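Okay, so here's the structure we're looking at.
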There are 2 protein chains.
Amino acid sequence: MISDISISNTDLVDPNLLKTFVTVVRCGSFSVAAQNLQYTQSAVSQQIASLEEDIGATLLTRRPVATTEAGARLLEHAEPILLRLAAARADVARASGQPPEALTVATSALALTPRVAGALRALRARHPRLDLTVQVSAREEVVTAVATGHCEVGLIDGIAAPNDPLRLWDEGTVTAVGVAERDLVVTLPTTHPMASRSSLRLADLVDAWWIDAADVAAPLVALRSLAGTDGLRSAVFYDGIDASGLLALVAAGHGLAVMPADQRLPADVIGVRLASPRLVYRIELLHGRHASEPAAWLADNLSAS
Amino acid sequence: MISDISISNTDLVDPNLLKTFVTVVRCGSFSVAAQNLQYTQSAVSQQIASLEEDIGATLLTRRPVATTEAGARLLEHAEPILLRLAAARADVARASGQPPEALTVATSALALTPRVAGALRALRARHPRLDLTVQVSAREEVVTAVATGHCEVGLIDGIAAPNDPLRLWDEGTVTAVGVAERDLVVTLPTTHPMASRSSLRLADLVDAWWIDAADVAAPLVALRSLAGTDGLRSAVFYDGIDASGLLALVAAGHGLAVMPADQRLPADVIGVRLASPRLVYRIELLHGRHASEPAAWLADNLSAS
DNA sequence: ACAACTTACGGGGGCCGTAACAATT
DNA sequence: AATTGTTACGGCCCCCGTAAGTTGT
């Protein structure tokens, strides 16, 4: 029996308001946000006004809708808070409901390597009654799916300096274990002047044209930041989720792309090792803090060490 | 204008309910929690019932009140969420209100070293109009004060392995920079058999009696976990915030304590270097993510590197 | 004029307090 | 019997939708 408990003097912030705030910012419009949230514009307007009054600052400029300085600060907090709120619900659901014997694995396209597929097959063999689902989607969606507990396990690929972890967009609730690390190649049409080189430096190719295929090759933003350049022009954006389509574009000369070294390539595309900067292709397995037995087995089985 | 925005399918959890849940767990009683929260017992009961219905699991056993497995999971999420909710409000308040030219520094007792005091004096000189307040309190309170944004800067002391950061109770919203690192001594009465040794190993003293002075010496729980022992018996708990009272107890033979090497000692107490395990005394400065100019100056000026 | 955000106002649901009830010691 | 948690009920407030108003293009 303790008597002087106080969690916070300053009161809490209503997460419903935070949610509409985040949505309004993302949509750039009150009315569009209202549609997504299944509210009227009026309600959204009132909610934002109420949030601003509660916080005591103007959060958004209207027409055009954009965050003020204060709004930007709030946004930095709002998204993780909403994520964690969902994670809390999912986590306790897993702890309370008897093991529902279902495991959903979210994965980005390139992370689903033969080794991973093999592990999933082995998991099926170990747990014949387990309802195992694999969901392929974009990287960000994999992270949020795991962070919110929508999926228990995630697999994600990306580029990083050797032995460095991928820097995720999340913080705290998700833990990552390395699954694989490989060299990178620049994919070129066989007719490309550099196609005969045995290795390439990214610096030699900053003025080339690139294909920005966020889901199926190394994202250009990541390449730029890791290479410390703001070159790597791009005019072609590939939203597909299969490598063959991208490789067809490469073959046709629409641009270059960086892919893992073991990617199978068609005859008219060649992969040249990327020697500098020293970057590797990494695959990581993500999971929440309390893994079920099948999830833990998968993590153990796939961990690189 | 984007059209397919969705933050989470599963809905949010009401933080007011989380707050009463946390309070009930901490108090171990619905009725005591109700007093602290300024509610009736009835309201608390209804809130917990409502939370349990919302989540879909029993969170607490009644009589005695304790968390179920599901409740424990929820608790792990609830506290950081509430902290962050408060942090969000404080952070935007700082960003929006014109610089209120007030800086509150929370600090644990031992962290307020001459060097720190000097830096604070220099800060006063640099910003004559700044309303600088220093608040000395227990370690946990310093952390939560910074995490919630109640104070912009915190100073905290503790023991750790050399070059390791202190492991804080928080995650994410607070960043720490090292301020100082010193050797540790075991303080003994001069009459103690070990008083003439030039250095000591903690292993030699696991069976001695210790004074548990959480705020003004190395906390025994920390020593135990870092030393990997469950010895270090204690019968004297010192809640004071000044070292001299503790040292009087040591002199009187009530027990031993571990303190930083540069602590001034009275004539009847001697400090013997702690050689094993290799531990150091560390002071860190904590701050939120967006520091005001005075806070940033303080952090720069005190950082150890 | 129209598109988009704000304000006014009324209805309904949720939340808390009072009070009666149940259960555990 | 006393203490503690639960259930019943009623009032109040808050929140959303409708609809009219305002502002910027």
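Chain identifiers are assigned alphabetically (A, B, ...) following the order of the sequence lines, protein sequences preceding nucleic acid strands; residue numbering begins at 1 within each chain. Computed from a prediction, not measured in an experiment: that's the story for all the values here.
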| message | I'd like to know if B/Glu69 pairs up with A/Arg94 as an ion pair, taking the criterion as any Lys NZ or Arg NE/NH1/NH2 lying under 4.0 Å from an Asp or Glu carboxylate oxygen. | response | no
| query | Looking for any heavy atom pair under 4.0 Å, which part of the strands does A/Ser45 touch: base, sugar-phosphate only, or nothing? | reply | base
| request: For A/Leu51 and D/dC16, give me the distance from atom CG to atom P, rounded to whole Å. | output: 12 Å
| query | Would you call B/Asp54 and A/Arg89 a salt bridge, taking side-chain N to carboxylate O under 4.0 Å as the test? | reply | yes
| Name of the residue among B/Ile211, B/Leu246, B/Asp212 meeting side-chain contact (heavy atoms from CB on, under 4.5 Å) with B/Val236 | B/Ile211
| Does one side chain, of A/Glu52 or A/Thr58, offer a donor that lies under 3.5 Å from an acceptor on the other? | no
| task | Decide whether B/Arg84 and A/His77 meet the rule of one side-chain donor and one side-chain acceptor closer than 3.5 Å. | result | yes
| task | Let me have a per-nucleotide readout for nucleotides 15-25 of chain C, 5' to 3', with B, S or -, counting only protein heavy atoms under 4.0 Å. | result | -BBBB---BS-
| field | Out of D/dT6, D/dT4, C/dT6, whichever nucleotide has its closest atom nearest the side chain of B/Arg62 | value | D/dT6
| A/Ile48 CD1 - C/dT6 P separation (whole Å) | 9 Å
| query | Nearest-Å distance, CD (A/Glu53) to C1' (D/dC15)? | reply | 14 Å
| message | Within a 6.0 Å radius of atom CG on B/Asp242, are there more than 12 heavy atoms belonging to other residues, nucleotides or ligands? | response | yes
